[in-house]
Amino acid sequence: MRGSGAAGLRAGGLCVPAGGSGTLPDLLAASLPPGTVRTGVHVTAADITTVRTKEHGELGCRSLLLATGAGAAAELLPGLRVPAFRPVTVLHHTAPAPPPTGRSLVLDGDRAGPVAYTAVMSEVDPSRAPEGRTLITSTVLGTPPPDLDRSVRTHLAALYGTPTDDWELLAAHHDPEAVPAMEAPHDPRRPVRVLAGLYVCGDHRDTSSVQGALHSGRRAAEAILTDLGVAPAHLGGVGLPEAA
Ligand SMILES: Cc1cc2nc3c(=O)[nH]c(=O)nc-3n(C[C@H](O)[C@H](O)[C@H](O)COP(=O)(O)OP(=O)(O)OC[C@H]3O[C@@H](n4cnc5c(N)ncnc54)[C@H](O)[C@@H]3O)c2cc1C
């Protein structure tokens with residue numbers, strides 16, 4: 001959000017993982033002993049003692065934590081609730097010069113167009129764009145308008161206070177099932193422990209966001225440690241090494 005000149009308020013910068021959101025799981029994995037985490041493995045079936053994979057056959061386990069989206073979780077654990085989903089579209093534009101908002105997240109409080117929020121990502125995280133290039137990333141929540149690029153650029157011109165006729169659309173990613181719907185009354189603390197040895201986490205157990213997914217993962221990890229009789233680090237147990 002942009003700062004204001006009012007006493008007590010300061011302009012703050014948007015904060016994202018440098019290099020892209022994939023950096024975050026990479027850093028978490030790097031804090032564990034080598035070989036602990038295997039990626040690129042497709043799980044075809046799982047229960048509390050065995051995980052069947054496409055690439056490595058069967059792996060034994062003491063507990064199972066399913067950390068997929070809601071649809072994949074219900075395929076592996078039939079009976080899990082599958083919520084309705086909401087679409088999200090993300091557009092990336094380049095411009096001859098960066099709009100003057102610095103590292104701020106620009107929100108449309110007036111809802112005067114399709115863009116919910118936008119930022120000059122090359123200012124927030126320079127590693128996301130080639131040197132000297134400007135990258136503006138904008139998010140449209142819900143069903144996008146048919147003339148997406150034109151209506152988004154018109155809206156961005158108003159939000160940034162600068163003409164956008166010479167901006168170029170680099171990519172538009174639409175995901176019809178981007179986030180689980182949070183219909184009222186929404187329970188932001190859905191259970192993560194199915195039974196001793198079987199756990200499930202993800203945005204569909206919490207709030208539909210990265211924060212919700214991370215928080216549900218923490219709740220699941222604490223439930224696993226409790227069931228295994230291990231005190232979580234913040235309760236005096238042995239802590240894991242800190243991620244870089
Ligand atoms: C376009 C878009 C924009 C978004 N913008 C924002 C935003 O600005 N802010 C925000 O907070 N949230 C945003 N979100 C939502 C956010 O990305 C999700 O809420 C979050 O990623 C959910 O995390 P998760 O761990 O629950 O699931 P996911 O991130 O979906 O991770 C689940 C993982 O499980 C893996 N998997 C699935 N099935 C299997 C299987 N059978 N075997 C092995 N692995 C499997 C998948 O490959 C995936 O890596 C956005 C989502 C989209 C699609």
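Taken to the nearest 0.5 Å, the CG atom of L198 stands 8.5 Å off from the CG atom of D47. If you take CD1 on I48 and OG on S63, they are separated by 8.0 Å, rounding to the nearest 0.5 Å. Atom CG of L159 is separated from atom OG1 of T101 by 10.0 Å, given to the nearest 0.5 angstrom. Between the CD1 atom in I136 and the OG1 atom in T164 there is a gap of 9.0 Å [rounded to 0.5 Å].
Every pair passing salt bridge (charged side-chain N to carboxylate O under 4.0 Å, His left out) that includes a residue from residues 139-166 is listed here, sequence neighbours excluded: D147-R150, D149-R153. Within the structure, salt bridge (charged side-chain N to carboxylate O under 4.0 Å, His left out) pairs that include any residue of residues 118-127 comprise D125-R128 (at least two apart or interchain). Screening residues 70-87 for side chain to side chain donor-acceptor pair (under 3.5 Å) gives R86-E183 as the qualifying pairs, with residues at least two apart or on separate chains. Screening residues 190-199 for side chain to side chain donor-acceptor pair (under 3.5 Å) gives R193-D227, Y199-D227 as the qualifying pairs, with residues at least two apart or on separate chains. Listed by first then second residue, pairs satisfying ring-ring contact (aromatic ring centres under 6.0 Å, His included) with a partner in residues 91-116 read H92-H173, not counting sequence neighbours.
No donor-acceptor pair closer than 3.5 Å links the side chain of S127 to the backbone N or O of A18. Between the side chain of S122 and the main chain of P126, no donor-acceptor pair closer than 3.5 Å is present. Listed for the T94 side chain is a donor-acceptor partner under 3.5 Å among the backbone atoms of T134.
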Using distance only, find each side-chain donor-acceptor pair of residues 111-121 under 3.5 Å and give its atom names and separation, not counting sequence neighbours.
from: T118; atom 1: OG1; to: T137; atom 2: O; distance (Å): 3.3
from: T118; atom 1: OG1; to: S138; atom 2: OG; distance (Å): 2.9
from: T118; atom 1: OG1; to: Y160; atom 2: OH; distance (Å): 2.7

Which atom pairs, one a donor and one an acceptor, fall under 3.5 Å between side chains of residues 203-214 and the rest of the protein, sequence neighbours left out?
from: H204; atom 1: NE2; to: T68; atom 2: O; distance (Å): 3.1
from: H204; atom 1: NE2; to: C201; atom 2: O; distance (Å): 3.4
from: R205; atom 1: NE; to: P191; atom 2: O; distance (Å): 3.1
from: R205; atom 1: NH2; to: P191; atom 2: O; distance (Å): 2.9
from: D206; atom 1: OD1; to: R189; atom 2: NH1; distance (Å): 3.2
from: D206; atom 1: OD2; to: H215; atom 2: ND1; distance (Å): 3.1
from: D206; atom 1: OD2; to: R219; atom 2: NE; distance (Å): 3.4
from: D206; atom 1: OD2; to: R219; atom 2: NH2; distance (Å): 3.1
from: T207; atom 1: OG1; to: S209; atom 2: OG; distance (Å): 3.2
from: S208; atom 1: OG; to: P180; atom 2: O; distance (Å): 2.6
from: S209; atom 1: OG; to: Q211; atom 2: N; distance (Å): 3.4
from: S209; atom 1: OG; to: G212; atom 2: N; distance (Å): 2.9

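Hydrophobic clustering, with ILVMFWY side chains joined whenever heavy atoms are under 4.5 angstrom apart, groups V200 together with L76. A continuous path of ILVMFWY side-chain contacts below 4.5 Å connects L195 to L66, so both sit in one hydrophobic cluster. Under the 4.5 Å side-chain heavy-atom criterion for ILVMFWY residues, no single connected hydrophobic cluster contains both V37 and L59. Taking hydrophobic clusters as Ile, Leu, Val, Met, Phe, Trp and Tyr residues chained together by side-chain heavy-atom distances below 4.5 Å, V90 does not share a cluster with L148. L170 and V16 fall within the same hydrophobic cluster, where Ile, Leu, Val, Met, Phe, Trp and Tyr residues are linked whenever their side-chain heavy atoms come under 4.5 Å apart, directly or through other members.
In this structure, the side-chain contact (heavy atoms from CB on, under 4.5 Å) partners of R52, at least two apart in sequence or on a different chain, are T44, A45, T50, E58. For E177, there are no salt bridge (charged side-chain N to carboxylate O under 4.0 Å, His left out) partners at least two apart in sequence or on another chain. Every residue two or more places apart in sequence or in another chain was checked for a ring-ring contact (aromatic ring centres under 6.0 Å, His included) with H42, and none qualifies. Here T36 pairs with L32, P33 under the side-chain contact (heavy atoms from CB on, under 4.5 Å) rule; sequence neighbours left out. Under the side-chain contact (heavy atoms from CB on, under 4.5 Å) criterion, H174 pairs with P87, T89, P144, P176, not counting sequence neighbours.
Contact between F85 and G71 at its shortest, heavy atoms only, is CZ-N, 4.4 Å.
Annotation: side chain of V152 is not in contact with side chain of W167 (no heavy-atom distance under 4.5 Å). Annotation: side chain of R38 is in contact with side chain of H56 (closest heavy-atom distance under 4.5 Å).
Taking a 6.0 Å sphere around CD of E55, one finds it holds more than 12 heavy atoms contributed by other residues, nucleotides or ligands.
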Inset, instruction - Take L141 and V179 through the test side-chain contact (heavy atoms from CB on, under 4.5 Å) and record every step on the way to the result. - result: CA-CA 10 Å; L141 303 178; V179 284; over 6 Å; no
